[in-house]
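The figures that follow rest on heavy atoms only: side chains count, while hydrogens, waters and symmetry mates do not. Just so we're clear, the structure is a prediction, and the values are computed from it rather than from any experiment.
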Amino acid sequence: MAAISETKTGVQQDFDTSAVRELDSAHFIHPFTDHAALAVKGARVMVRGEGIYLWDSDDNKILDGMSGLWCVNVGYGRTSISQAVYRQMETLPFYNSFFNTTNVPAVQLATLLASIAPPQFKHVFFTSSGSEANDTNVRMVRRYWDLMGYKDRHTIIGRYNGYHGSTVAGAALGGMAGMHAQGGMIPGVAHIGQPNYAESGRGMTEAEFGIVAAGWLEEKILDLGPEKVAAFIGEPVQGAGGVIIPPATYWPEIQRICDKYDILLIADEVITGFGRLGTMFGSELMQIKPDLITFAKGVTSGYVPLGGVLVGSRMASVLIEKGGDFNHGFTYSGHPVACAAALENLRIIQDEQLVTAVAVDTGPYLRQKFATLADHPLVSHPDACGFVAGLNLVRKKAEVVHDCEPFDSADGVGMICRGHMFSNGIIMRAVGDRMIIAPPLVMTQAQIDEMVGRIRDALDATLADLRQRGLFR
């Protein structure tokens, strides 16, 4: 039964938490969730957000170290975004972009994106998510090469442990084995190793390893045949794979190889776009010139679903001038309400100079403070780039990252730590035994201090727990 109660923060709730959990278990299939396990403990019910904080239905105040899901760049509670959404819903809540029709917010947003993107991008294709945008990339890349007269040039190369969404095509482009096992692959997709220095760089400097890891792309192109390879797709910094920050030498060498073999370069910036790395787009930080940029998440700060593809002039001119009908699209492409939310969100990012702040103020400060966790007995080699950061949990530390002794994967140490993070009022994600954060871009230096303090306390609780279980001596 529903009930009305007032929390400690004075916010009224017109529901009973236990009833919501029961209904959730009975009817709501969650993404990436073991539902049998969830039914035992019940879901956490989030009810409110403000700034960088969330409150659940048990009135716990939680610092959101993951920006929702890498997306709430401007923080929670931005009434100007909700007001922009309301005004648009009152004016034109929806109309499609098919049949030679457009709407004002979609045109305004496309124009704005063209003005803030790298100079080769003047065209935008809108979707409702990053997954849909990467599906669009597959269609667009193959259509481009067909129009250019290379109908065998359809293979797209991604990276193992890369993430490009969970639709059939998006999951195939990504390199997550667990996703491939549940739904299979699509033809014309291949993968190479990821630029993870801690995993594969033994015996090399980071700079040397960056060149070697990029060279795996050239090896794969030659193995498949350059005449069959259409594009390479990668995240500037791998997100869901564990915040894998590549050596500085990696991406420029990837660009050189793509140019050498005339391979299209797709930068998946669903996470790294709109200020996350201290540049409007991560491609700028990595000094590459992609032909396509996938975006989503931060374009609306997650307030309303929206994604899309920035289409470089090389491809756009061919698709427009030679392509005729592009037989691809979605009901919600260029949704006026979503575009209105994005316009206001991007205004906030620009007016409050959040990209500059991450580049020169809070980003370097986060890197500095996060590095102080290196003295913790569980922590190996914490690193950060802009407003993403990660650390490895290890059984035994060593001066050289490759000499650290890991925990057994069956011990589930990352998930143990994640539980202590939640209990200590901080959301930090576990990818295996790597703990990662991507906080809202509005976070202040004082809030960074608070976040790192909460992380340290949770690490202490994890250490005590592991000792009690006999997993750490």
Side-chain angles (χ1 to χ4, degrees), residues 97 102 106-107 109-127 129-158 164-165 169-170 172-173 186 188-190 217 221 224 226-236 251 254-270 272-273 280-284 286-296 299 307-330 333-334:
S97 298
T102 193
V107 173
L109 179 58
T111 303
L112 175 58
L113 289 171
S115 72
I116 64 175
Q120 69 269 34
F121 294 103
K122 298 303 177 187
H123 294 84
V124 184
F125 186 97
F126 288 117
T127 68
S129 69
S131 296
E132 288 181 355
N134 279 323
D135 278 35
T136 298
N137 285 333
V138 173
R139 298 286 304 280
M140 203 171 277
V141 162
R142 291 176 174 176
R143 178 62 174 156
Y144 169 81
W145 285 116
D146 286 349
L147 292 169
M148 293 293 289
Y150 298 96
K151 294 188 180 294
D152 291 333
R153 204 164 190 177
H154 277 192
T155 298
I156 301 174
I157 300 172
H164 301 296
L173 291 173
I186 62 172
V189 176
L217 174 60
I221 291 170
L224 295 168
E227 72 283 358
K228 293 183 179 179
V229 179
F232 172 74
I233 184 169
E235 306 152 85
W251 273 111
I254 289 286
Q255 180 75 68
R256 185 193 69 79
I257 293 167
C258 288
D259 291 345
K260 178 179 178 180
Y261 295 98
D262 197 24
I263 304 300
L264 297 170
L265 179 55
I266 307 168
D268 185 334
E269 301 230 30
V270 169
T272 59
M280 187 60 77
F281 293 94
S283 302
E284 298 166 291
M286 301 303 170
Q287 301 178 47
I288 56 174
K289 295 181 178 180
D291 298 285
L292 297 166
I293 288 179
T294 315
F295 67 87
V299 71
V309 179
L310 296 173
V311 185
S313 55
R314 170 187 178 181
M315 293 185 65
S317 61
V318 172
L319 293 169
I320 292 169
E321 295 168 12
K322 297 182 178 180
D325 283 354
F326 181 43
N327 296 317
H328 175 77
F330 306 98
S333 293

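Shortest non-hydrogen contact noted between His154 and Asp146 is NE2-OD1, 2.8 Å. Closest approach of Leu224 and Ala190 over heavy atoms only: CD1-CB, 3.9 Å. Residue Thr111 comes nearest to Val107 through the heavy atom pair OG1-O, 2.8 Å, listed as atom of the first residue, atom of the second, then distance. Closest heavy-atom contact between Gly130 and Thr294: O-CG2, 3.9 Å. Leu264 and Tyr144 make their closest contact through CD1-CD2, 3.8 Å (heavy atoms, listed as atom of the first residue, atom of the second, distance). Across all non-hydrogen atoms, the minimal contact from Phe121 to Val311 is CD2-C, 3.5 Å.
The closest side-chain donor-acceptor pair between Glu269 and Ser283 falls under 3.5 angstrom.
Two residues are said to be in side-chain contact when any heavy atoms from C-beta on lie closer than 4.5 Å; Arg142 and Val138 meet this criterion. Counting heavy atoms from C-beta on, the side chains of Cys258 and Leu217 come closer than 4.5 Å. By the 4.5 Å heavy-atom criterion applied to side chains, Leu113 and Phe126 are counted as neighbours. Contact annotation: the side chain of Asn327 never approaches that of Arg143 to less than 4.5 Å [non-hydrogen atoms, C-beta and beyond].
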Step-by-step side chain to side chain contact (heavy atoms under 4.5 Å, CB included) determination, Trp251 to Leu265: CA-CA 11 Å; Trp251 273 111; Leu265 179 55; 4.0 Å; yes
Working for side chain to side chain contact (heavy atoms under 4.5 Å, CB included), residues Leu319 and Phe125: CA-CA 12 Å; Leu319 293 169; Phe125 186 97; over 6 Å; no
Ile254 vs Ile288, side chain to side chain contact (heavy atoms under 4.5 Å, CB included): CA-CA, chis, key distance, verdict: CA-CA 9 Å; Ile254 289 286; Ile288 56 174; 5.9 Å; no
Step-by-step side chain to side chain contact (heavy atoms under 4.5 Å, CB included) determination, Ile320 to His123: CA-CA 10 Å; Ile320 292 169; His123 294 84; 3.5 Å; yes
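Taken to the nearest 0.5 Å, the CD1 atom of Ile156 stands 11.5 Å off from the CZ atom of Phe232. Atom CE of Met280 sits about 4.0 Å away from atom CD1 of Ile116, to the nearest 0.5 Å. Rounding to the nearest 0.5 Å places CG of Asp135 at 9.0 Å from OG1 of Thr127. Taken from CZ in Phe326 to CZ in Arg139, the straight-line distance is 6.0 Å, to the nearest 0.5 Å. The structure places CD1 of Ile233 at 4.0 Å from CG of Asn134, a figure rounded to the nearest 0.5 Å. Atoms CG and CD1, on Leu310 and Ile266 in that order, are 12.5 Å from each other to the nearest 0.5 Å.
Taking a 6.0 Å sphere around CD of Glu227, one finds it holds more than 12 heavy atoms contributed by other residues, nucleotides or ligands.
Checking side-chain atoms of Arg153 against main-chain N and O of Lys228 turns up no donor-acceptor pair under 3.5 Å. Using modelled atom types, no side-chain atom of Glu284 and backbone atom of Pro118 make a donor-acceptor pair closer than 3.5 Å. The backbone N or O of Asp291 sits nowhere less than 3.5 Å from a side-chain atom of Gln120 that would complete a donor-acceptor pair. Judged by distance alone, the side chain of Ser97 and the main-chain N or O of Ser333 form a donor-acceptor pair under 3.5 Å. A donor-acceptor pair under 3.5 Å is absent between the side-chain atoms of Asp268 and the main chain of His164, judged by distance alone.
Ring geometry for His328 versus Phe330: interplanar angle over 60°, hence perpendicular rather than tilted (30 to 60°).
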